[in-house]
Amino acid sequence: MAKTAKRANVVPESVAGADAGTDLAPPAGQGKRGKEEPTRISRIPILDLAPQLADNLWPAKAFVGEAVPFGATAFREGHDLIGVTLLLTDPEGNRSEHPMHPGAPGTDRWTALVTLGRQGIWQYRVRAWADGWATWRHTAEIKVPAGIDIELTFLEGSVLLAAAGTDKRRPAAERRVFAHAAADLTNPGISVDDRLALLDTPSLNAFITARPLAGLSSTSAQRAVRVERTRAGVGSWYEFFPRSEGAVQRADHSWQSGTFRTAEDRLPGVAAMGFDVLYLPPIHPIGRSYRKGPNNTLNAGPNDPGSPWAIGSEDGGHDAIHPDLGTVDDFRHFLAAAAENDLEVALDLALQASPDHPWVTEHPEWFTTLPDGSIAYAENPPKKYQDIYPINFDNDPAGIRAEVLRIVRYWMGLGVRIFRVDNPHTKPLDFWEWLINRVTEENPDVIFLAEAFTRPALMQALGKVGFQQSYSYFTWRNTKTELEEFFHGLATTTADFYRPNLFVNTPDILSEFLQVGGHAAFKIRAALAATAAPTWGMYAGFELFESVPRPGAEENIDNEKYEYRPRDFAAAEAAGESLAPYVSLLNAIRRAHPALGQLRNLDLHTSDDGAVLVYSKYLDAAHTGTGTSDAIIVVVNVDPHSVRETMVRLDVTRFGLEPGTVFEVEELITGAIWTWTADNFVRLDAAAEPVHILHVRGAAR
């Protein structure tokens, strides 16, 4: 049986009202047959709960350690004041109550920021109640100083306190304080000013805060939040092709593939840059039929390795390992070596097949047969993928589901807990909802990342049905205006269900910004990705400033998808031609500052320059886990070709300071310490340091 904890702030049942626990008020209307019909609004209306999904078909999302902003719109008729409380039930059934605080005047919006520290499904409701004491106090503080109805006003307050003083459910010490205060309010021997001062008695206010003098009460409908492990929401990803790590070109220009054992040599370098997750493209056998050659040509030579996404050959399919990479035991050894370097390994789950995949002969119904009898290959016009057959999910949906679940379970059995899913937007949503639910019911630590560059509605729906993370439009958001709109949407509009993984590049994507922006462009994109969202990623070669595109394409020339691409990372770093030290610093800053481990706390500020982007991230001491608050300001010159001098305009209240405060900031890239105010001059030279990452150190002395 689930344990039930004592509530932090208990509202007596007699105060909660008959409609507690429901969003329907008592009957208030007459139906056609004379029967009373319930209204659809509570006695004290509670509307627009947050977090929740618009259709309430799935729970909202959070991760362990996330500071979640709960909200509701609540009000009552007239001028009487109300109080609002968040009622939380954790996955083990423990209940707690958290006071909600009013937002901007006139909005009737109430919020509470709560860190959810346990994995599983949390339930919440919102209770709103008539705050008799706050209403009376507000009246008294106006009437008494004005000399209006002084004794009657004190009598009204005394009646409230006397009732609380006789409430047997309150502790005896509390009842005594209320009884004495009730008597003092109507005592003519005490001056008016002293009686009014009784309202600020510490013990009286402490008891009222803990157990308010509440009257009417309404409770909202229940909503759910699915809290997943921290890595589902926070992490730094790195992608490499294991076949390239340790690959050697022979004298005859053929290649000896890298293996899992040789790829282990790269793990310390990845860990040294501060990454948490190592993502591997498909590691399965690659088909021979229609194999692609260098730069996506159709004339592959006998030694060309082909695209890893053309899965399947006589050596097996999705549950097999390419013989060139090693054996299952070699893969287990690789996983263990990664774990020793504090890296989780993410595998690619690409539901497609080469023409040589065993599925093609064993289950032809899993593919689409064209009128001429051929099987349809994958297309995204004008792109053609003749080496890949897409899956048809309609001919045998039960068979496909069983097979994919078997495959995922197989790799889970070897220790994999993260899957990067290739092109999930080309598969049915109900399939993904079913698969992710089945898998996470068996092991809630499993994470699915959606590689979905598609229409907003479909991309967001993938997050709603269960994907813990998703690629995003970040790659194509480059100007100040584009980034402001994009970041604001991530932190607000979609934050309840969509977690962006801000990859700066992929084997498929070398953006124009990186092609033409030089080294500064790589710094800018890395700093943006690492500070704007709690999860970001990069594909190998980014740290080497690889920027030459294949003509007519938004991808690297000599693309690693179609050939071996060994790199000498150490030589580049020794020559000062590597971004690795900068990336390492970014990831170290992320680990040192809990504010950067949150998504919803991004606030935009302004500058006088159309190319200087400014945002902050703040986390109050109650949620950092360190006992101190954490505030980061990021100032970015998004033009990689220029020097920008401008004024930065800050709303300092967004990171915990009072207006007019003079404060110190530490520049975390260079170590410089400056004194700042709300308005500050900055100079950002893209050729030197295009980004300031500033830690607010508090008020200057």
More than 12 foreign heavy atoms under 6.0 Å from NE2 of His488: is that the case here?
-> no

Listed partners of Tyr564 passing ring pair (Phe, Tyr, Trp, His ring centres under 6.0 Å), at least two apart | Trp255

Give the intermediate values and the outcome of side-chain contact (heavy atoms from CB on, under 4.5 Å) for residues Arg420 and Leu347.
-> CA-CA 6 Å; Arg420 178 268 197 191; Leu347 281 193; over 6 Å; no

Using a cut-off of 6.0 Å, state whether more than 12 heavy atoms not belonging to Tyr385 lie near its atom OH.
-> yes

Measure from the side-chain N and O atoms of Asn341 to the backbone N and O of Ala338, and report whether any donor-acceptor pair falls under 3.5 Å.
-> no

Can you find a side-chain donor-acceptor pair between His333 and Glu264 that sits under 3.5 Å?
-> yes

Could you tell me whether the side chains of Asp356 and Ser289 share a donor-acceptor contact shorter than 3.5 Å?
-> yes

Gln249, CD atom: more than 12 neighbouring heavy atoms under 6.0 Å | yes

Test item: Ser607 side-chain N/O and Met647 main-chain N/O as donor-acceptor pair under 3.5 Å = no

Does a donor on one side chain and an acceptor on the other come within less than 3.5 Å for Glu554 and Trp476?
-> yes

Side chains of Tyr539 and Glu560: do they bring a donor and an acceptor to under 3.5 Å?
-> yes

side-chain contact (heavy atoms from CB on, under 4.5 Å) filter on Ser547, not counting sequence neighbours, yields Phe522

Candidate pair Arg417 and Asp445, rule salt bridge (Lys or Arg N to Asp or Glu O under 4.0 Å), full reasoning | CA-CA 7 Å; Arg417 292 293 178 271; Asp445 284 346; 5.8 Å; no

Donor-acceptor pair between Asn478 and Arg525 side chains, under 3.5 angstrom | yes

Should the pair Phe334 and Phe260 be assigned to parallel (<30°), tilted (30 to 60°) or perpendicular (>60°) ring geometry?
-> tilted

Derivation of the salt bridge (Lys or Arg N to Asp or Glu O under 4.0 Å) call for Glu66 and Lys61 | CA-CA 10 Å; Glu66 183 173 11; Lys61 287 183 181 176; over 6 Å; no

Could you label the plane-to-plane angle of the His284 and His318 rings as parallel, tilted or perpendicular, counting under 30° as parallel and over 60° as perpendicular?
-> tilted

Just by distance, do the side chain of Ser584 and the backbone of Ala580 share a donor-acceptor pair under 3.5 Å?
-> yes

Closest heavy-atom contact between Ser254 and Asn303?
-> CB-ND2, 3.5 Å

List the atom of Asp304, the atom of Arg291, and the distance in Å for their closest heavy-atom pair.
-> O-NH1, 2.8 Å

Kindly check if the number of other-residue, nucleotide or ligand heavy atoms within 6.0 Å of CZ (Arg654) is above 12?
-> no

Pair Thr624, Asp630: side-chain N/O donor-acceptor within cut-off below 3.5 Å = no

Verify whether the ring centers belonging to Phe331 and Trp411 lie closer than 6.0 Å.
-> yes

Quick one: list whatever passes ring pair (Phe, Tyr, Trp, His ring centres under 6.0 Å) with Trp536, sequence neighbours left out.
-> Phe275

List the steps, then state whether side-chain contact (heavy atoms from CB on, under 4.5 Å) holds for Val345 with Leu280.
-> CA-CA 7 Å; Val345 173; Leu280 304 181; 4.0 Å; yes

Side chain to side chain donor-acceptor pair (under 3.5 Å) pairs, two or more places apart, involving residues 319-329 | Asp319-Arg406, Thr327-Asp330, Asp329-Arg332

Please name all residues satisfying side-chain contact (heavy atoms from CB on, under 4.5 Å) with Ala67, sequence neighbours left out, ordered by chain then number.
-> Leu113, Thr115, Gln598, Leu619, His623

Ring pair (Phe, Tyr, Trp, His ring centres under 6.0 Å) partners for His593, two or more places apart | His695

Heavy atoms, side chains only, cut-off 4.5 Å: are Arg499 and Phe63 in contact?
-> yes

Of all pairs that satisfy salt bridge (Lys or Arg N to Asp or Glu O under 4.0 Å), the ones with a partner from residues 471-482, not counting sequence neighbours = none

Derivation of the salt bridge (Lys or Arg N to Asp or Glu O under 4.0 Å) call for Arg565 and Asp558 | CA-CA 8 Å; Arg565 189 78 178 268; Asp558 303 326; 5.8 Å; no

State yes or no: are the ring centers of Tyr615 and Phe487 separated by less than 6.0 Å?
-> yes

Of all heavy-atom pairs between Ser354 and Gly312, which one has the smallest distance, and what is that distance?
-> OG-O, 2.6 Å

What do the steps show when you test Phe655 against Leu657 for side-chain contact (heavy atoms from CB on, under 4.5 Å), and what is the final call?
-> CA-CA 6 Å; Phe655 43 87; Leu657 299 179; 3.9 Å; yes

Pairs where residues 571-582 contributes a residue and the test side chain to side chain donor-acceptor pair (under 3.5 Å) is met, not counting sequence neighbours | none

So, Thr646 versus Arg644: side-chain donor-acceptor pair below 3.5 Å or not?
-> no

Can you name the residues that form a side-chain contact (heavy atoms from CB on, under 4.5 Å) with Leu298, not counting sequence neighbours?
-> Lys292, Gln386

What closest approach, in Å, do Gln469 and Gly233 show between heavy atoms, and which atom pair accounts for it?
-> NE2-N, 4.4 Å

Under the 3.5 angstrom rule, does the side chain of Thr262 hit a backbone N or O of Gly258 as a donor-acceptor pair?
-> no

Short side-chain donor-acceptor distance under 3.5 Å, Thr481 and Glu484 = no

Using the ring of each side chain (for Trp, its six-membered ring), is Phe240 parallel, tilted or perpendicular to Tyr238, with breaks at 30° and 60°?
-> perpendicular

Could you go step by step and tell me if Ile418 and Val446 meet the side-chain contact (heavy atoms from CB on, under 4.5 Å) rule?
-> CA-CA 6 Å; Ile418 305 178; Val446 175; over 6 Å; no

Please assess Asn296 against Tyr562 for the test side chain to side chain donor-acceptor pair (under 3.5 Å), listing each intermediate value before the final yes or no.
-> CA-CA 7 Å; Asn296 201 26; Tyr562 310 107; 3.1 Å; yes

Decide if atom CD of Gln515 counts as having more than 12 heavy atoms of other residues, nucleotides or ligands within a radius under 6.0 Å.
-> yes

Assess the side chains of Tyr279 and Asp348: does a donor N or O sit below 3.5 Å from an acceptor N or O?
-> yes

Nearest heavy-atom pair of Asp679 and Arg649: which atoms, and what distance?
-> OD1-CD, 2.9 Å

Verify, without hydrogens or angle tests, whether Lys523 (side chain) and Glu689 (backbone) share a donor-acceptor contact under 3.5 angstrom.
-> no

Which pairs pass salt bridge (Lys or Arg N to Asp or Glu O under 4.0 Å) with one or both residues in residues 582-598, sequence neighbours excluded?
-> Asp276-Arg591

Report the residues that fulfil ring pair (Phe, Tyr, Trp, His ring centres under 6.0 Å) with Tyr618, sequence neighbours left out, ordered by chain and then residue number.
-> none

With under 30° as parallel and over 60° as perpendicular, where do the rings of Phe545 and His519 fit, or are they tilted in between?
-> parallel

Between Asp508 and Thr506, do the side chains contain an N or O donor and an N or O acceptor separated by less than 3.5 Å?
-> no

Taking side-chain contact (heavy atoms from CB on, under 4.5 Å) as the test, write out the residues that go with Ala686, two or more places apart.
-> Ala520, Asn637, Pro690

